[in-house]
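Every chain is numbered from 1 and lettered A, B, ... according to where its sequence line falls, protein lines coming before strand lines. Computation of the quantities below employed the complete heavy-atom set of this structure, encompassing side-chain atoms and omitting hydrogens, waters and symmetry-equivalent molecules.
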Amino acid sequence: MKHWFIGVLLSVTIAIPEAVSFENDAPIDDPVLEGRARELAKHIRCLVCQNQSIFDSDADLAKDLRQIVRERIMSGESDRAITGYLVERYGDFVLLRPPVKPKTYLLWFVPAIILLFAGAGVVRFLRRTGASGGRPEALNSAERRQVKSLISDEEVD
Amino acid sequence: MPFFDLPPLDDEAIGLASSDLVGEVALVNVFASWCLPCRVEHPLLMELAVTGKVALHGVNYKDKPEDARAWLDELGDPFLRIGADRDGRVGIDLGVYGVPETFVVDRTGRIRYKHVGPISQSDLEKYLLPLVEKLRQ
């Protein structure tokens, strides 16, 4: 009984395909062009959503942008021209994969640079404490007397 | 400013075309009757229209003209010209992704600044109006 229930639960949550918005639109007749539209849509950000492409999102703006992509493909525009049109209006952020160009170098390379600095920091730290093997330094005579007095509760001069 | 030519809301109004934005510095406000933040900024737009500090035009975005007209009748109409962008295509051409948005357009009709979201008194005083002044020189 338990297995049956779990089975139903799993199939309901996993087996039902996501209602992908792109597939619900009226497609371009030419499957090659429609394929291009599909790929493009996957790489264009839905600006009113959180991290979704216009391929996935069912937001109004996403629908409008998908239509624009299809129209421009049908009128013979290249992928580059279409993304260029959108970037001109919405900025690089409209692409889910921002281009690697001077403006976005920071975006791409900062994580690597931080890692480099962190790595250098770790090396430096290890070098400093490495010589003593991480063991505390030996006590000098004054400190030894202090320890003795603390341990033995006797007055030590 | 990309070319556009939008029809008016109705027969009693005048529409908005990109050519109307050449000649003087202007603000273009993108609004809709279904947009709540648009209501919030509306009194400021009315005040701005009354003081006449800068020309203010409207783009009615993805809305039904009748609804927009009713909304303006209720709240007041601060706009000199209003273009009805029913399918939102002109909006996309301008890079609109939400409402309200307010554009500052210079004398040559070029967009110089876009404010996303409702404008506040401080937005007007600190950014928008000073920019308008600067563009007028």
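The 12-atom threshold is exceeded at CD of B/Q137, counting heavy atoms of other residues, nucleotides or ligands nearer than 6.0 Å. Surrounding CG of A/D29 are at most 12 heavy atoms belonging to other residues, nucleotides or ligands under 6.0 Å away. Within a 6.0 Å radius of CZ in B/R136, other residues, nucleotides and ligands contribute more than 12 heavy atoms. When the shell of 6.0 Å around CD of A/Q146 is examined, it contains 12 or fewer heavy atoms from other residues, nucleotides or ligands.
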(message) Would A/V94 and B/Y97 count as a side chain to side chain contact (heavy atoms under 4.5 Å, CB included) here? Give the steps.
(response) CA-CA 11 Å; A/V94 76; B/Y97 59 86; over 6 Å; no
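The CG atom of A/L86 sits 8.0 Å away from the CD1 atom of B/I92 when rounded to the nearest 0.5 Å. Here the CG atom belonging to A/D60 is positioned 4.0 Å from the NZ atom belonging to B/K62, to the nearest 0.5 angstrom.
Under the 4.0 Å criterion applied to side-chain N and carboxylate O atoms, A/R89 and B/D93 are assigned as salt-bridge partners.
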